[in-house]
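Proteins come first, then strands; the chains are lettered A, B, ... in the order of their sequence lines, and each starts at number 1.
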There are 2 protein chains.
Amino acid sequence: MREDDPVPTERTSSGDPARTLQLLWRDAPAAPDRRRGPRRGLSIDAVIDAATAIADTEGLDALTMRRVAKDLGVVPMTLYTYVPGKAELLDLMLDAAYARMPRTDTTGRPWRQRVTALAEENKALFARHPWAATVSTARPPLGPGQMAKYEHELSALDGLGLTDVEMDDCLAHLLAFVQASARAAADARAARHDSPMNDQEWWEANAPLLARVLDEKTYPTAVRVGAAAGAAHGSAYDPDHAYAFGLERVLDAFAALIDRGTGG
Amino acid sequence: MREDDPVPTERTSSGDPARTLQLLWRDAPAAPDRRRGPRRGLSIDAVIDAATAIADTEGLDALTMRRVAKDLGVVPMTLYTYVPGKAELLDLMLDAAYARMPRTDTTGRPWRQRVTALAEENKALFARHPWAATVSTARPPLGPGQMAKYEHELSALDGLGLTDVEMDDCLAHLLAFVQASARAAADARAARHDSPMNDQEWWEANAPLLARVLDEKTYPTAVRVGAAAGAAHGSAYDPDHAYAFGLERVLDAFAALIDRGTGG
DNA sequence: ATTAACTCTGTACGCAGTACGTTGTACCAC
DNA sequence: GTGGTACAACGTACTGCGTACAGAGTTAAT
């Protein structure tokens, strides 16, 4: 019952970036002397799909090269003829997930609806692929999915009176918020999952020590507010509420930029 | 030069939570029959400090039980008499880091200054301990450091006309923003670090393929805005700018809550 | 003096990513 | 045909991780 599984962030993009870009755009490998040797039994997309299926249903820590290989009926090392390594596989998974995102057209609608739609699309992405919230995107894979997503999302922010730089800044801010929410939600889910006790049991088990130690005199505000917040939402942390509250804040913040000069 | 180092998120809190709480509060182990056996050569704090030093200077992926043990001159398994496991060690490290945060007293100052101070304190935490931004805090370790931090930060938001629940919500929103910024900054740093090429070299290496593939007709907004953003800050992503911009947004958002009714 | 609790140690297991060398297959030039 | 060659797939093996487990040594209570 240890079950420590560390849920790694698994930074992407390790090896030769040019090779990774070629893979992302499905660019043929220069084809100097095309197609010798035995036929390939799999495809990059089969590998990506198998890996994505595992990560979706069992989490990033269950996603191992050995496991992907087993699901595809090959030996682990075979995967390395399709993909340079695990980091690049994650890049490809992420770009594929981006590419598959449904993109609602909100042209003509009021800007709050448009921004909300963007947030919801990304929230849905992280709901379908919880691992996507936890892979790091330093130097994000500039694949077709990423580009389509970026184009779509910028378009939704176009024509609101923002400068180009502000559009990029606002989008980054919004996406960071949604991703942080998704990460927090995933963390909360994970905490619930791999602990044999639920929130109530946990509280009961720790109440004696906490009662002794969480003194109302030393932590007056914390005790007061913590109790109020805990009572308001059912538990100590409510991801849905945090998302709803935060999205309203982000919208208000954008309003201060967008409505400036128009008498906000 | 592979150097894939996955920068794990390393979820905290795996084993018996009651034991973890005891460790956090340095609660004696029930002492039924106190102190038999040989004298301890180390202390929990020595283990925490050694681990923190490693994580600070070399990153979370360099933080292994073996490494901590080596730095302390003991064999790896010895650590397990001080700490139930690596997850709990991370909890303790985080709470200790919280406890050591300098907390500036901003009573009486305008609320924007107070909130900004909170953000800066947390930004400084993540600057000193970059790993802290990447460890997950589902069911955060309710240690003395965490509580002192929570009390301090709520106090800064007290008396602004917010309800208790709103105070908690706003604080969570602010902290999530700072943490997300720190994560992004750490990602950017990591990408620069473990790639032999800098941004310019990377661009030059990939320019041919990107030029062929990033069509202005298919991605008009993306190309336009991406160019503008890239030109405005020096590179593709500027963590400092993102933080500054985002903090202004968060403050504007809070203003909409705080100044409501007072003629905002 | 004996015993029991406790610290520290050494060895070992399972699992990860993946380097490396081999085997077998299919196309190309002859 | 037939040999050469490029390539896919495989098997083995290495390093390093967290930590279970069993033993050896050390101290305080009996």
Side-chain angles (χ1 to χ4, degrees), chain A residues 1-12 14-16 28-44 46-47 51 54-55 58-70 72-90 194, chain B residues 1-12 14-16 28-44 46-47 51 54-55 58-70 72-90 194:
Chain A
M1 286 297 124
R2 277 278 120 176
E3 199 62 36
D4 194 70
D5 45 37
V7 186
T9 301
E10 308 266 5
R11 205 182 44 277
T12 63
S14 66
D16 178 17
D33 196 13
R34 65 192 82 122
R35 304 285 101 234
R36 213 106 71 122
R39 247 165 279 280
R40 319 201 75 175
L42 305 169
S43 66
I44 296 196
V47 175
I54 295 169
E58 300 172 52
L60 251 199
D61 47 319
L63 178 65
T64 69
M65 298 299 271
R66 287 170 157 87
R67 176 64 198 284
V68 176
K70 206 185 76 176
L72 289 170
V74 294
V75 90
M77 286 312 291
T78 299
L79 300 179
Y80 289 85
T81 67
Y82 292 89
V83 157
K86 195 186 181 183
E88 289 78 3
L89 175 55
L90 279 163
D194 69 0
Chain B
M1 288 300 119
R2 277 278 119 176
E3 199 66 35
D4 194 68
D5 46 37
V7 185
T9 301
E10 308 265 8
R11 206 182 43 276
T12 63
S14 65
D16 178 17
D33 197 12
R34 66 192 76 125
R35 301 286 102 233
R36 213 107 73 123
R39 247 166 278 281
R40 319 201 77 176
L42 305 169
S43 67
I44 297 197
V47 175
I54 295 168
E58 300 171 53
L60 251 199
D61 47 319
L63 178 66
T64 68
M65 297 301 270
R66 288 169 157 88
R67 176 63 198 284
V68 176
K70 206 185 76 175
L72 289 170
V74 294
V75 89
M77 284 312 291
T78 299
L79 301 179
Y80 288 87
T81 67
Y82 293 89
V83 157
K86 195 187 183 184
E88 289 79 3
L89 175 55
L90 280 163
D194 70 359

Heavy atoms under 4.0 Å, any strand shown: does A:Thr64 hit a base, just sugar-phosphate, or nothing? sugar-phosphate
For nucleotides 22-27 of chain D, print each protein N/O atom paired with a nucleotide N/O atom at under 3.5 Å, atom names and distance only.
{"from": "D:dT27", "atom 1": "O2", "to": "B:Gly37", "atom 2": "N", "distance (Å)": "3.4"}

Send over the distance from [X] [atom1] to [N] [atom2], rounded to a whole Å.
X       : N      : atom1 : atom2 : answer
A:Glu88 : C:dG17 : CD    : P     : 13 Å
B:Ile44 : C:dT7  : CD1   : P     : 11 Å
B:Leu42 : C:dC6  : CG    : C1'   : 15 Å
A:Asp61 : C:dG17 : CG    : P     : 11 Å
B:Lys70 : D:dC17 : NZ    : C1'   : 15 Å
B:Lys86 : D:dT19 : NZ    : P     : 8 Å
A:Tyr80 : D:dG11 : OH    : C1'   : 15 Å

Any side-chain heavy-atom pair of B:Leu89 and B:Met65 under 4.5 Å: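 The answer is yes, as the side chains (C-beta and beyond) meet within the 4.5 Å cut-off.
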Measuring from B:Lys70:NZ to B:Thr64:OG1, what's the distance to the nearest 0.5 Å? 9.0 Å
Toward the 5' end of DNA chain D, which comes first, A:Thr78 or B:Arg67, by nearest nucleotide?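 Counting from the 5' end, the first nearest nucleotide belongs to A:Thr78.
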What's the shortest heavy-atom distance between B:Ala55 and B:Leu63, and which atoms? CB-CD2, 4.4 Å
How close do A:Ile54 and A:Arg67 get, counting heavy atoms only, and between which atoms?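 Closest approach of A:Ile54 to A:Arg67, heavy atoms only: CD1-CG, 3.5 Å.
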Table please: side-chain donor-acceptor pairs of residues 74-81 of chain B below 3.5 Å, with sequence neighbours left out.
{"from": "B:Thr78", "atom 1": "OG1", "to": "B:Val75", "atom 2": "O", "distance (Å)": "3.2"}
{"from": "B:Thr81", "atom 1": "OG1", "to": "B:Arg40", "atom 2": "NH2", "distance (Å)": "3.3"}
{"from": "B:Thr81", "atom 1": "OG1", "to": "B:Thr78", "atom 2": "O", "distance (Å)": "2.8"}

Heavy-atom donor-acceptor pair, B:Arg66 side-chain to D:dG18 base, under 3.5 Å: yes
Give a yes/no answer on whether the side chain of A:Tyr82 brings an N or O atom under 4.0 Å of OP1 or OP2 in D:dA9.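 It does, given that an N or O in the side chain of A:Tyr82 lies less than 4.0 Å from OP1 or OP2 of D:dA9.
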Just how large is the angle between the end axes of the helix from C:dA1-D:dT30 to C:dC30-D:dG1, five pairs per end, to 10 degrees?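 End-to-end axis angle for the helix from C:dA1-D:dT30 to C:dC30-D:dG1: 10°, rounded to 10°.
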Using heavy-atom distances to pick each residue's nearest nucleotide on DNA chain C, tell me which of A:Met65 and A:Met77 is more 5'. A:Met65
Counting distance only, does the side-chain N/O of B:Tyr82 pair as donor-acceptor with the main-chain N or O of B:Val47 below 3.5 Å?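 Side chain of B:Tyr82 to backbone of B:Val47, a donor-acceptor pair under 3.5 Å: no, none is there.
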